[in-house]
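Side chains are part of it too, since the values below use all heavy atoms of this structure and drop only hydrogens, waters and symmetry mates.
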Amino acid sequence: MQIELAKRIQHTEEYYFSRKLREIDALNQTGAKVINLGIGSPDLPPHPSVVETLHQYAAMPTTHGYQNYKGIHPLRKAIADWYHRYYGVSIHADRNVLPLIGSKEGIVHVCMTYLAEGDKALFPNPGYPAYASAVRLSGATGVPYKLASQRNWLPDLDALAKGDLSGVKLMWLNYPHMPTGAAATTTFFNEVVAFAKQHRILLCHDNPYSFILNNQPQSLLAADGALDVAIELNSLSKSSNMAGWRVGTLIGAEERINEIIRFKSNMDSGMFLPVQMAAAKALSLDPEWYQELNKTYSRRREKVYQLLDALACTYDKQQVGLFVWAKVPASQADGYALSDEILRQSRVFITPGGIFGDGGNAYIRVSLCATEAVLDEALDRIANAVITQ
């Protein structure tokens with residue numbers, strides 16, 4: 001029996017990495033032992049005190065029931081304190097903070113709360129594919145805006161203002177930018193807030209990479225008046241090595257929190273209390289935690305530079321975040337071609353930039369979520385394979 005798919009899913013494909021992991025699993029079953037440098041899933045553990053807090057609260061007989069949809073106060077307070085300490089942003093724990101079961105769910109919650117058929121939403125190209133997918137699932141029309149290396153991967157707001165913004169309700173932003181690693185400037189954040197106010201657009205800033213290889217974590221909400229027109233998503237996945245724990249947060253004006261929870265409260269029944277307490281502990285860690293984490297990533301990044309040099313790719317050493325974004329040599333058709341060739345010849349998987357939009361076709365992206373020894377082996381495999389230059 002064939003059941004017709006809902007309209008909202010008919011043009012939504014399975015996530016690229018979901019398909020690619022099956023291909024890699026099939027190769028591994030033949031004994032290939034593929035080195036996966038594609039996905040940004042931290043391979044390092046959380047701080048021991050975070051794990052201990054989870055154990056402590058999970059052992060209690062009274063911590064296993066449903067939780068408040070808005071999260072427990074200690075977690076909201078920890079998030080607010082974290083924002084003040086590291087971003088210089090003052091927010092109210094009970095009015096401006098909504099914990100999430102991972103920030104990826106927040107992308108869907110935002111789109112389903114504010115978008116419907118006939119609405120439009122801007123999203124970056126190249127950019128995280130989940131923005132376009134969530135807009136499509138809401139029934140709205142996604143409008144990609146091009147980013148280019150010549151502008152340090154920042155949008156041309158003047159060009160956007162001169163275009164057709166009718167029906168645009170929402171604009172997705174993401175800095176430090178994934179996949180390019182570009183960081184925004186304070187000037188840009190002020191300009192985009194003014195742009196949103198002028199055109200009555202809700203800014204949605206996704207900010208999970210701000211602590212990785214970045215000495216100056218930034219929040220869009222530090223810009224004057226940002227809370228009037230913007231919400232920000234953040235996550236413990238990268239900065240606290242808690243990707244599988246699924247802990248994120250949404251920061252916004254009180255009315256935004258109340259609006260979004262109308263949708264969210266129909267989707268889950270709260271986060272496991274021991275996880276919330278452990279997350280609060282992670283957010284209270286001293287700066288030394290981030291400094292030590294970045295020492296590891298810095299060493300790994302040097303290895304990735306060597307790997308990219310072996311592939312004759314070019315890259316900007318000013319980029320930050322959990323990946324290295326690099327342009328493929330002119331001899332390659334695009335990033336897909338080089339990625340496929342590396343996988344075939346060296347059994348190393350590197351993400352083609354085109355999965356982030358056609359603005360990334362000429363690029364590849366390498367994850368830093370592998371040990372130095374694994375990166376050395378990947379370099380050795382590539383150096384000893386015949387890669388067409």
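At least one side-chain heavy atom of V110 sits less than 4.5 Å from a side-chain heavy atom of L250. L322 is listed as a side-chain neighbour of Y297, based on a closest heavy-atom distance under 4.5 Å. For the pair H92 and E254, the minimum side-chain heavy-atom distance is 4.5 Å or more. Looking only at side-chain heavy atoms (C-beta outward), D164 and V143 stay at 4.5 Å or farther from each other. Side-chain contact check for V324 versus R301: some heavy-atom pair is nearer than 4.5 Å. Contact of the V97 side chain with the T249 side chain is registered, since non-hydrogen atoms from C-beta on lie closer than 4.5 Å. Residues Y305 and C313 are not in side-chain contact: their nearest non-hydrogen atoms beyond the backbone lie 4.5 Å or more apart. Taking 4.5 Å as the limit, every side-chain heavy atom of F272 sits out of range of all side-chain heavy atoms of Q67.
One hydrophobic cluster holds both M277 and W82 under the rule that ILVMFWY side chains link at heavy-atom gaps under 4.5 Å. In the hydrophobic cluster analysis, where Ile, Leu, Val, Met, Phe, Trp and Tyr join through side-chain heavy atoms closer than 4.5 angstrom, I382 is grouped together with Y336. There is a path of hydrophobic side-chain contacts, each under 4.5 Å, that joins L285 to L75. Grouping the Ile, Leu, Val, Met, Phe, Trp and Tyr side chains by contacts below 4.5 angstrom, directly or via other members, places L307 with V34. Linking ILVMFWY residues whenever their side-chain heavy atoms come closer than 4.5 Å, directly or via other members, leaves Y114 and M267 in distinct clusters.
Counting only distance, with no hydrogens or angles, the side chain of W289 and the backbone of S239 share a donor-acceptor pair below 3.5 Å. Between the side chain of D358 and the main chain of G360, no donor-acceptor pair closer than 3.5 Å is present. With hydrogens and angles ignored, the 3.5 Å screen pairs a side-chain donor or acceptor of N294 with a backbone N or O of L213. Counting only distance, with no hydrogens or angles, the side chain of H199 and the backbone of I201 share no donor-acceptor pair below 3.5 Å. A distance-only check finds a donor-acceptor pair linking the side chain of H64 to the backbone of A58 [under 3.5 Å]. Looking only at distances, no side-chain donor or acceptor of S346 sits under 3.5 Å from a matching main-chain atom of L343. Looking at R365, its side chain does come within 3.5 Å of a backbone N or O of G38 through a donor-acceptor pair. In this structure, Q319 contributes its side chain and W325 its backbone to a donor-acceptor pair below 3.5 Å. A donor-acceptor pair under 3.5 Å is absent between the side-chain atoms of N241 and the main chain of P46, judged by distance alone. With hydrogens and angles ignored, the 3.5 Å screen pairs no side-chain donor or acceptor of S103 with any backbone N or O of G106.
Ionic pairing of D158 and K162 is not present here: no N-O contact between side-chain nitrogen and carboxylate oxygen is shorter than 4.0 angstrom. For R246 and D268, the salt-bridge test fails: no basic side-chain N is under 4.0 Å from an acidic carboxylate O. The pair K295-E292 meets the salt-bridge criterion, with a side-chain N (NZ, NE, NH1 or NH2) lying under 4.0 Å from an Asp/Glu carboxylate O. The residues E259 and R256 are annotated as salt-bridged, a charged nitrogen and a carboxylate oxygen being separated by less than 4.0 angstrom.
Judged purely by distance below 3.5 Å, without hydrogens or angles, the side chains of Q218 and S210 never pair a donor atom with an acceptor atom. For the residue pair D309 / Y315, a side-chain donor-acceptor distance below 3.5 Å is found, with atom types taken as modelled. No hydrogens or angles considered: a donor-acceptor pair under 3.5 Å links the side chains of S235 and S237. When only modelled atom types and interatomic distance are considered, Q276 and Y57 share no side-chain donor-acceptor pair under 3.5 Å. Between N190 and D224, the side chains place no donor N or O within less than 3.5 Å of an acceptor N or O (distance only, hydrogens not considered). Looking at H73 and D94, their side chains do bring a donor and an acceptor atom within 3.5 Å of each other. Of the N and O atoms on the side chains of N234 and Y83, at least one donor lies less than 3.5 Å from an acceptor on the other residue.
With sequence neighbours excluded, the residues that form a side chain to side chain contact (heavy atoms under 4.5 Å, CB included) with D340 are K20. By the side chain to side chain contact (heavy atoms under 4.5 Å, CB included) test, T371 is found to be paired with D43, R300, A373, V374, residues two or more places apart in sequence or in another chain being considered. For K70, there are no salt bridge (charged side-chain N to carboxylate O under 4.0 Å, His left out) partners two or more places apart in sequence or in a different chain.
Scanning both residues, L44 and T296, for their nearest heavy atoms gives CD1-CG2, 4.0 Å. Closest of all the heavy-atom pairs between P99 and G71 is CG-CA, 4.1 Å. Annotation for C204 and L170: closest pair SG-CG, 3.5 Å, computed over non-hydrogen atoms.
Paired with I350 under the rule side-chain contact (heavy atoms from CB on, under 4.5 Å), one option of N36, V304, L311 passes, and it is L311. Residue F188 is tested with W153, F195, Y175 for a ring pair (Phe, Tyr, Trp, His ring centres under 6.0 Å); the sole match is Y175. Looking at D376, L308, L368 one by one, the single match for side-chain contact (heavy atoms from CB on, under 4.5 Å) with K303 turns out to be D376.
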Check: Checking side-chain contact (heavy atoms from CB on, under 4.5 Å) for the pair F211/K238: CA distance, chi angles, key distance, verdict?
Finding: CA-CA 8 Å; F211 285 85; K238 322 298 183 184; over 6 Å; no

Item checked: Test side-chain contact (heavy atoms from CB on, under 4.5 Å) applied to S219 and E232, step by step -> CA-CA 8 Å; S219 166; E232 183 164 278; 2.8 Å; yes

Check: Would L220 and N207 count as a side-chain contact (heavy atoms from CB on, under 4.5 Å) if you check the C-alpha gap in whole Å, the side-chain angles of each, and the deciding distance to 0.1 Å?
Finding: CA-CA 9 Å; L220 171 65; N207 192 22; over 6 Å; no

Notebook entry, point to check: Do L147 and L154 pass the side-chain contact (heavy atoms from CB on, under 4.5 Å) test, and can you show the C-alpha distance, the side-chain angles, and the key distance before you say yes or no?
Noted result: CA-CA 6 Å; L147 303 178; L154 295 172; 5.8 Å; no

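Within 6.0 Å of atom CD in E117, 12 or fewer heavy atoms from other residues, nucleotides or ligands are found, so the atom counts as exposed in its surroundings. Around CG of D25, the count of heavy atoms belonging to other residues, nucleotides or ligands within 6.0 Å exceeds 12. Other residues, nucleotides and ligands contribute more than 12 heavy atoms inside 6.0 Å of the NZ atom of K120. Counting non-hydrogen atoms of other residues, nucleotides and ligands closer than 6.0 Å to NZ of K169 gives a total above 12. Within 6.0 Å of CZ in R85 there are more than 12 heavy atoms belonging to other residues, nucleotides or ligands. Within 6.0 Å of NZ on K264 lie more than 12 heavy atoms contributed by other residues, nucleotides or ligands.
Ring orientation note: the planes of W172 and Y131 are close to parallel, at an angle under 30° on the 30°/60° scale. Note on ring orientation: taking the six-membered ring where Trp is involved, the planes of Y290 and Y86 are perpendicular (angle over 60°, cut-offs 30° and 60°).
Separation of the Y209 and H177 ring centroids does not fall under the 6.0 Å cut-off.
Atom CG of N384 is separated from atom CG of D380 by 4.5 Å, given to the nearest 0.5 angstrom. Atom CE of residue M242 and atom CG of residue L54 lie 8.0 Å apart, to the nearest 0.5 angstrom.
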